[in-house]
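Here the structure is laid out as structure tokens; the discussion comes afterwards.
Here the structure is a predicted model, which is why all the values come from computation and not from measurement. All ligand and atom numbering here is 1-based and tracks the order in the structure.
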Amino acid sequence: MACEDAVIATNDDAAQCKRFAVEKGYWTDPYISQIIPKGFSTHAPEINRGYFARVRSIQILMEKFLKSTQCNCQIVNLGAGFDTTYWKLKDAALSPKSFVEVDFPPVTSRKCHFIKTKKALIEKISSEDDEIMVSKTEMHAADYHIVAANLKNIPELEKKLVTECHLDKDLPTLFLAECVLVYIETERSQQLIRWISDTFNTAFFINYEQVNMMDRFGQVMMDNLKTRDCYLHGVSACASLDTQMKRFTSNGWTSADSLEISTVYNCLPQAEIQRIERIEMMDERELMHQLFSHYCLTWAYRDLKDVGLAQIGLT
Ligand SMILES: C[S@@+](CC[C@H](N)C(=O)[O-])C[C@H]1O[C@@H](n2cnc3c(N)ncnc32)[C@H](O)[C@@H]1O
């Protein structure tokens with residue numbers, strides 16, 4: 001159980017880092033401060049730039065998916081934590097038909113509580129005739145669902161997504177896993193990836209997580225996490241860009257691409273990079289490069305409906 005608690009705690013770290021970067025001005029998110037209280041720690045410029053690249057690159061792929069499906073689609077955020085994408089898409093008038101978030105019960109219950117008690121969050125979900133069903137750990141509204149499930153338990157996940165959230169297996173569906181699969185044994189995450197491709201005939205997957213983990217830097221990262229009882233059980237899939245892509249192509253997906261974040265960073269709009277690099281000075285660019293070469297963005301598709309998922313990429 002301590003191990004699961006440690007994984008759950010990684011959500012607070014991610015949310016704190018995002019809130020910190022938002023307050024520094026790296027990107028705009030009026031909702032994050034509603035969900036995560038202000039932390040006490042500060043974060044180095046390379047961490048903030050890394051979060052910027054993470055959030056922005058996922059946003060680019062997601063918006064391309066929404067545009068190629070004309071929002072006639074669904075989004076499932078696996079291990080969503082305190083993510084605020086649902087509200088940001090509402091503001092951008094880019095909402096999918098259904099947006100589902102999955103996480104462990106201790107995370108979903110805190111999120112449900114924050115949503116219920118914050119006007120800025122709840123008012124975007126409710127409309128006069130929409131009924132919102134809320135339990136301690138779950139929430140069901142017309143186009144938004146939070147469900148508590150363990151991603152390793154496929155029958156439970158299937159029941160929640162298909163029976164309780166009424167996801168349509170024939171509608172194009174985007175699955176997002178942002179720093180999540182690395183905590184799950186590779187065999188189990190492969191079962192999850194296989195189940196998705198078996199179940200949804202038109203699907204896109206965005207996976208953001210570690211890569212090149214078999215070197216000294218990777219070992220130090222794992223040793224540090226171990227001191228907090230946090231284990232990267234899925235690290236074998238994070239050996240290289242190749243292992244990252246193969247977990248999709250050998251599990252029913254038509255094609256996959258993967259880029260180190262150092263490459264992703266150079267693909268982002270250069271005017272934005274120039275703007276964020278003015279926020280904080282950085283003496284040691286080498287540190288940033290080292291960090292960025294240990295994370296990657298992978299995307300995969302399966303497009304039986306031929307809605308143009310093959311064309312989605314960063315550039
Ligand atoms: C590092 S946090 C990332 C949160 C969010 N995706 C983000 O990037 O801001 C990892 C999240 O994955 C969730 N998670 C990890 N393993 C899970 C599992 N087996 N089932 C459900 N959620 C899981 C954790 O509870 C946590 O919220």
Side-chain angles (χ1 to χ4, degrees), residues 1-22 26-27 29 31-33 35-36 39 43 47-48 50-59 61-62 75-88 99-112 114 137-138 145-161 174-193 195-196 205-210 221 224-225 228-235 237-238 261 295-298:
M1 191 58 201
C3 186
E4 207 167 272
D5 288 347
V7 173
I8 286 167
T10 63
N11 170 54
D12 285 271
D13 292 342
Q16 286 291 358
C17 287
K18 286 182 181 177
R19 179 170 174 164
F20 184 83
V22 164
Y26 281 85
W27 69 94
D29 183 343
Y31 304 105
I32 188 113
S33 61
I35 299 186
I36 185 88
H43 303 280
I47 304 282
N48 299 328
Y51 270 92
F52 170 79
R54 166 171 164 176
V55 170
R56 190 68 181 100
S57 58
I58 291 173
Q59 183 193 18
L61 292 181
M62 190 180 279
I75 295 180
V76 181
N77 191 343
L78 304 165
F82 289 168
D83 183 72
T84 56
T85 303
Y86 170 79
W87 291 272
K88 290 190 281 175
F99 193 105
V100 181
E101 299 185 343
V102 186
D103 213 302
F104 284 124
V107 177
T108 59
S109 65
R110 284 174 68 201
K111 192 157 186 182
C112 287
F114 288 129
T137 57
E138 304 202 338
H145 306 263
I146 300 182
V147 292
N150 187 338
L151 298 170
K152 296 184 201 178
N153 184 342
I154 308 285
E156 179 191 37
L157 186 68
E158 171 149 36
K159 179 169 158 281
K160 300 264 171 168
L161 295 185
L174 166 65
F175 288 82
L176 167 64
E178 189 183 337
C179 284
V180 175
L181 299 183
V182 71
Y183 299 108
I184 298 174
E185 295 76 6
T186 305
E187 200 185 309
R188 308 295 282 273
S189 69
Q190 278 176 348
Q191 285 165 3
L192 172 65
I193 287 167
W195 173 76
I196 294 171
F205 201 116
I206 303 175
N207 184 42
Y208 181 101
E209 68 180 357
Q210 286 87 340
M221 193 195 297
N224 284 341
L225 285 165
R228 296 161 48 181
D229 269 336
C230 191
Y231 297 89
L232 302 184
H233 296 294
V235 78
C238 305
I261 297 309
Y295 283 89
C296 69
L297 182 73
T298 307

- Query: When you look at Gln16 and Arg19, which way does the side-chain hydrogen bond (donor to acceptor under 3.5 Å, both in side chains) test go after all the steps?
  - Reply: CA-CA 5 Å; Gln16 286 291 358; Arg19 179 170 174 164; 5.9 Å; no
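- Glu158 CD: more than 12 foreign heavy atoms inside a 6.0 Å radius.
- With contacts defined as side-chain heavy-atom distances shorter than 4.5 Å, the pair Phe52/Val22 does not qualify.
- Taking each of Asp12, Asp103, Asp13, Asp5 in turn, the one with a heavy atom nearest to atom 25 (O) of ligand 1 proves to be Asp103.
- Contact annotation for Arg54 and ligand 1: only side-chain heavy atoms (C-beta onward) come within less than 4.0 Å of the ligand.
- For the pair Asn150 and ligand 1, a heavy-atom separation below 4.0 Å is found.
- The side-chain heavy atoms of Val147 and Glu101, taken from C-beta on, include no pair separated by under 4.5 Å.
- In this model, a donor atom of one side chain and an acceptor atom of the other lie less than 3.5 Å apart for Thr84 and Asp29.
- Among Tyr183, Phe104, Tyr51, the residue whose heavy atom lies closest to atom 17 (C) of ligand 1 is Phe104.
- With a 4.0 Å cut-off on non-hydrogen atoms, Ala149 touches ligand 1 through its backbone and not its side chain.
- Ligand 1 has an N or O atom lying under 3.5 Å from an N or O atom of Leu151, backbone or side chain.
- Ranked by closest heavy atom to atom 5 (C) of ligand 1, the top entry among Ala14, Cys17, Ala80 is Ala80.
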